[in-house]
*Asks:* 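One structure coming up, written as structure tokens, with questions to follow.
Everything numeric here is computed off the predicted structure, so don't read it as measured data. Convention: sequence-line order gives letters A, B, ...; per-chain numbering from 1.
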Protein chains: 2
Amino acid sequence: MSWRKEERRAERGYHHGNLKEALLQAALGLIAEKGAAGFTFADAARMAGVSAAAPYRHFRDRDELLSSIAQRGFEQFEGRLTAAWDDGRPDTVTAFERVGRAYLAFAREEPAFYNAMFESGLPVDANPALQAASERAFNIIRAAAERLAALAPPGAPRPPAMMMALHIWSMAHGVASLFSRGDAARRKLPMSPDELLEAEVLIYLRGLGFPTDRRPSAKSAEPPPVPPEASSGSSVPPGGTPGGPWGKAK
Amino acid sequence: MSWRKEERRAERGYHHGNLKEALLQAALGLIAEKGAAGFTFADAARMAGVSAAAPYRHFRDRDELLSSIAQRGFEQFEGRLTAAWDDGRPDTVTAFERVGRAYLAFAREEPAFYNAMFESGLPVDANPALQAASERAFNIIRAAAERLAALAPPGAPRPPAMMMALHIWSMAHGVASLFSRGDAARRKLPMSPDELLEAEVLIYLRGLGFPTDRRPSAKSAEPPPVPPEASSGSSVPPGGTPGGPWGKAK
DNA sequence: AGCTCATGTAAAAGCCGTTCACATGAGCTG
DNA sequence: CAGCTCATGTGAACGGCTTTTACATGAGCT
């Protein structure tokens, strides 16, 4: 039966027993280290303890391995965004910002996935499954934006949810890509990438007319997760929390 | 003299005569076609009509060629941004948006440069010259943000210019990277990347309290018209966008 | 005319991706 | 249990790429 197989193969043997998974894990590690461009099919095989030809029993070629990783990445990504959105609880704005932070957290904590997904140069739309997975992930942001758009203050024109979603996505990706990873992360920033993105989103939402100051009196039951100084009593002039969304900037 | 050399070498001869430049041009074409990852040192040599070893007389290795291209790219980029900024004429907001469009135009029109600069995985901060060139380009955005920040409406807290610059950069890079190039450009968008970025920046600026509204009617968080700028005097430039920043969204 | 050095070439080593013929052995069948 | 079969792994080989090394060429100077 299969569990006995696992035991034996885990040690050694002609047949690996779980090569496909081992290769994916090895590749994930290598990509995290050296980037998708630097990752080598042969290296992954070596790491799994098999010959260089063995991987071809499980992947048509190097690109298919990369695509598999991207696919998994989009699925995990979707899961993380879904959890962060939490169907808009406790309030739409808070949940929305949580999604932004989840985006960055994913890019930071799963650099290999993020790399394969967005920076490997994979032809995403050439692979229907991959494209679908990508779309499912984006749809979380889209759905969140739709809920947010529905809250547009009376009198103000309601922004198209799709546009909002694209804007948020571009901000998150821009921050992740420029400041949150790799060498670029070493740029001297006046604030952390997380704070940078949070401020950016807050300012953007304010530009759309949304109330973004989350005081207890507002609809949020949640204390501001990041700024410690924001807990002080505040007389908020129309247009900002004390110090604004950039309270921490130097 | 040298012009005779040019003439002769352009035809044929043991010595190429201008190999370094020819290699750079060849690489530029190859990168535009197949991306920085797909670009091959040997291919560039072949395209220049020399042996595979010849490029090593002009570049330490493949990475140095890539760095050279990135370096040039940053210089051209800086030039374009500088021209677009035009020292803030005719007014700061208009010029600021022009910089955003110039950013996208560069990414679109010079995909090879953009690729080498931002998507090749080059260790930018390992190369001082490259890092300096990158910083000079960013400083254009920074300077523009500084001018803009100085216009902060009275009453509203003045946003840190550095933060604004980073925000704008992340938006521009996000849009360029996700929607403006390669396969991702084929995503069905409700508007062009240029319009997307323009709306994004406008909404952002409005969130900071800047008067970005170019139509006479209502808006959400806009304070009274801002004092005229020092030289131009026009805070509401012509070329209005009816329907708000997303007037063109479908 | 002759020297010299930058610039080119050919050849070779080492790595990678990929293919192919062949080996192994896990699980089924009788 | 004997034997079959097919998924899975191996080794060898091909071509391509990067990089190094010894050698060739000829442009410009003296």
Side-chain angles (χ1 to χ4, degrees), chain A residues 1-27 30-31 33-69 116 120-123, chain B residues 1-27 30-31 33-69 120-122:
Chain A
M1 313 298 260
S2 65
W3 66 84
R4 313 182 73 185
K5 183 169 70 180
E6 299 299 330
E7 283 173 37
R8 275 198 272 166
R9 303 300 165 229
E11 292 296 354
R12 69 190 73 259
Y14 189 88
H15 287 75
H16 183 287
N18 201 13
L19 185 51
K20 185 163 190 172
E21 193 55 35
L23 287 171
L24 285 167
Q25 291 306 321
L30 289 169
I31 295 174
E33 260 184 72
K34 309 185 286 183
F39 144 73
T40 257
F41 218 23
D43 245 346
R46 211 168 297 131
M47 197 162 299
V50 297
S51 76
Y56 289 85
R57 296 295 176 192
H58 301 274
F59 302 95
R60 198 181 332 98
D61 54 21
R62 183 180 172 282
D63 259 24
E64 196 183 272
L65 206 183
L66 223 51
S67 292
S68 292
I69 288 183
S120 67
L122 265 186
Chain B
M1 307 296 274
S2 64
W3 67 82
R4 312 185 73 185
K5 182 169 72 179
E6 300 299 331
E7 282 173 37
R8 274 198 273 167
R9 301 300 165 231
E11 292 296 354
R12 69 192 74 258
Y14 189 88
H15 287 74
H16 184 287
N18 201 14
L19 185 52
K20 185 163 190 172
E21 192 55 34
L23 288 171
L24 285 167
Q25 291 305 322
L30 289 169
I31 295 173
E33 260 184 71
K34 309 185 286 183
F39 145 74
T40 257
F41 218 23
D43 245 345
R46 211 169 297 132
M47 195 161 300
V50 297
S51 75
Y56 290 85
R57 294 296 177 193
H58 301 274
F59 302 95
R60 198 181 332 97
D61 54 22
R62 183 179 171 283
D63 258 25
E64 196 184 272
L65 205 182
L66 223 51
S67 293
S68 292
I69 288 183
S120 66
L122 267 185

*Asks:* When you look for runs of 3 or more Watson-Crick or G-U pairs in a row, both distances below 3.5 Å, which of them include DNA chain D?
*Replies:*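 Stem list for DNA chain D: C:1-30 with D:1-30.
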
*Asks:* Does C:dA6 have OP1 or OP2 under 4.0 Å away from a side-chain N or O of B:H58?
*Replies:* no

*Asks:* Search all heavy atoms of A:P55 against all heavy atoms of A:S51 and return the closest pair with its distance.
*Replies:*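 Heavy atoms of A:P55 and A:S51 come nearest at CD-O, 3.4 Å.
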
*Asks:* Without decimals, in angstroms, what is the distance between B:Y56 OH and C:dA10 P?
*Replies:* 16 Å

*Asks:* Within this structure, what is the CZ-to-P distance between A:F59 and D:dT8, rounded to whole angstrom?
*Replies:* 12 Å

*Asks:* Which of these nucleotides, D:dT19, C:dA6, D:dA12, is closest to any side-chain atom of B:H15?
*Replies:*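 My answer, after comparing the listed nucleotides, is C:dA6.
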
*Asks:* Using atom CZ of A:R60 as one end and atom C1' of C:dC20 as the other, report the distance to the nearest whole Å.
*Replies:* 18 Å

*Asks:* Give a yes or no on whether the backbone of A:L66 and the side-chain of A:D63 come within a donor-acceptor separation of less than 3.5 Å.
*Replies:*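 Answer holds: no.
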
*Asks:* Is it possible for you to check whether B:K34 lies under 6.0 Å from the centre of the six-membered ring of B:F39, through NZ or CZ, and within 45° of that ring's axis?
*Replies:*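 That pair does not qualify as a cation-pi contact.
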
*Asks:* Nearest of D:dG9, D:dC17, C:dC16 to any side-chain atom of A:L19?
*Replies:*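 The answer is D:dG9.
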
*Asks:* Using atom CG of B:N18 as one end and atom P of C:dA6 as the other, report the distance to the nearest whole Å.
*Replies:*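 These atoms are roughly 18 Å apart.
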
*Asks:* Of all the heavy-atom pairs spanning B:A45 and B:A52, show the shortest one and how long it is.
*Replies:*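 Nearest heavy atoms, B:A45 then B:A52: CB-CA, 4.1 Å.
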
*Asks:* Working to the nearest 0.5 angstrom, can you tell me the gap between B:L65 CG and B:L23 CG?
*Replies:* 6.0 Å

*Asks:* Quick one: B:R62 CZ to D:dG16 C1', roughly how many Å, whole number?
*Replies:*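 Roughly 14 Å, once rounded to whole Å.
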
*Asks:* With a 4.5 Å limit on heavy-atom distance, are the side chains of B:L24 and B:S68 in contact?
*Replies:*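 Yes; the side chains approach each other to less than 4.5 Å.
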
*Asks:* Determine the minimum heavy-atom distance between B:H16 and B:A48, stating which atoms define it.
*Replies:* CD2-O, 3.5 Å

*Asks:* Taking the nucleotide of DNA chain C with the closest heavy atom to each, which residue, A:R46 or A:A53, is nearer the 5' end?
*Replies:*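 Between the two, 5'-proximity favours A:R46.
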
*Asks:* What is the distance, rounded to the nearest whole Å, between atom NE2 of A:H16 and atom P of C:dG25?
*Replies:* 16 Å

*Asks:* Return the residues of residues 35-45 of chain B meeting this criterion: a heavy atom under 4.0 Å from some atom of DNA chain C. Order them by number, or give none.
*Replies:*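 Residues of residues 35-45 of chain B under 4.0 Å from DNA chain C: none.
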
*Asks:* Quick one: B:R57 CZ to D:dC23 P, roughly how many Å, whole number?
*Replies:* 13 Å

*Asks:* What integer distance in Å separates B:D61:CG from D:dT21:P?
*Replies:* 14 Å

*Asks:* Going by heavy atoms in the side chains, are B:L19 and B:R57 under 4.5 Å from each other?
*Replies:* no

*Asks:* Are any side-chain N or O atoms of B:D61 and backbone N or O atoms of B:E64, one a donor and one an acceptor, separated by less than 3.5 Å?
*Replies:*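 At least one qualifying donor-acceptor pair exists.
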
